[in-house]
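Sequence positions, counted from 1, serve as the residue numbers for this chain.
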Amino acid sequence: MKQLIPNLEAEIIPTKSIADISLGLDFEHFKAKSKYQIINDYAELESTYSESDQWLILHRNEVLPWGDSINEIYCYWNKIITLTFNSNTQRLEFIYAGQGYQGRLLGLLGIGDRLDSAKDQYNFYFEGDKHYLEYKEYSDKAGEIIPVEIETNYRTAYSEEYSDQIIEGFLVYLLPEERGH
């Protein structure tokens, strides 16, 4: 059986994939094709992290102090890739790539790059503490946001004052209407 091992050089494809792992993947199919270890909490995650090239799986089912419930399954690969499955639908909804990932978004941006290296091609949209690329006015997709969260070393919007932002991670996700909950 071929193991599910992330390709750390694969292109980042919005609403589709990172590391050649596709959003929408079924959790049971993932487990059947993966070498993994179940862990019980974040403390165990930190003590178990290794470069052993196996997935660490953490089930999180809790109610937060403000009443929201979380029922997700996190799968970690060598502190580089994090998969988030919805426990109810068993589908992969989020893929995060962090330090150590070498693939690029739109063939243009990678981890460790300056965010402003894309400012000639795209505008920046900022929400929460993440950046998104937005098509420029002259594009046939003007104003459209590319649905990939870009995490930088700042948690503030790109500006002349904060222009030296370095990319630390990317998150691709199923669009809310595709999540089925």
Does one side chain, of D140 or Y135, offer a donor that lies under 3.5 Å from an acceptor on the other? no
Polar contact flag, side-chain donor to acceptor under 3.5 angstrom, N123-E137: yes
Between [Y] and [X], is there a side-chain heavy-atom distance shorter than 4.5 Å?
X	Y	value
N153	D164	no
R91	N86	no
F30	W55	yes
I150	L109	yes
P14	L105	yes
I95	L23	yes
Y122	L106	yes
I18	I81	yes

Distance from [X] atom [atom1] to [Y] atom [atom2], nearest 0.5 Å?
X	Y	atom1	atom2	result
Q99	I111	CD	CD1	6.0 Å
L4	K31	CG	NZ	14.0 Å
E178	Y173	CD	OH	11.0 Å
L133	L108	CG	CG	7.5 Å
E72	N61	CD	CG	10.0 Å
F126	T156	CZ	OG1	5.5 Å

Considering the options Q37, Q3, K35, which one meets the side chain to side chain donor-acceptor pair (under 3.5 Å) requirement together with Q54? Q37
For the pair [X] (side chain) and [Y] (backbone), establish whether a donor and an acceptor sit closer than 3.5 Å, ignoring hydrogens and angles.
X	Y	answer
S87	N71	yes
K136	K141	no
D20	N7	no
D26	E28	yes
H131	Y158	yes
W77	L83	no
R179	L174	yes
Q90	F85	no

Please lay out, stage by stage, how Y132 and F124 fare under the test ring pair (Phe, Tyr, Trp, His ring centres under 6.0 Å). CA-CA 6 Å; Y132 298 82; F124 301 122; over 10 Å; no
Run the numbers on F170 and Y101 for ring pair (Phe, Tyr, Trp, His ring centres under 6.0 Å), then give the verdict. CA-CA 9 Å; F170 295 98; Y101 193 76; 7.8 Å; no
Could you pull out the closest heavy-atom pair between [X] and [Y], with the gap in Å?
X	Y	result
T15	P147	CG2-CG, 3.3 Å
L92	S22	CD2-O, 3.4 Å
P6	I21	CB-CD1, 4.1 Å

Honestly curious: do [X] and [Y] fall in one hydrophobic cluster under the side-chain, below-4.5 Å linking rule?
X	Y	value
Y154	Y125	no
L58	V63	no
L175	I13	no
I166	V148	no

How would you list all residue pairs meeting salt bridge (charged side-chain N to carboxylate O under 4.0 Å, His left out) that involve residues 96-115, not counting sequence neighbours? R104-D113, R114-D116
Take Y96 and E151 through the side chain to side chain contact (heavy atoms under 4.5 Å, CB included) test and state the conclusion after the steps. CA-CA 10 Å; Y96 176 82; E151 179 181 39; 2.3 Å; yes
For T84 and I73: C-alpha separation, side-chain torsions, deciding distance, then whether side chain to side chain contact (heavy atoms under 4.5 Å, CB included) applies. CA-CA 6 Å; T84 305; I73 304 164; over 6 Å; no
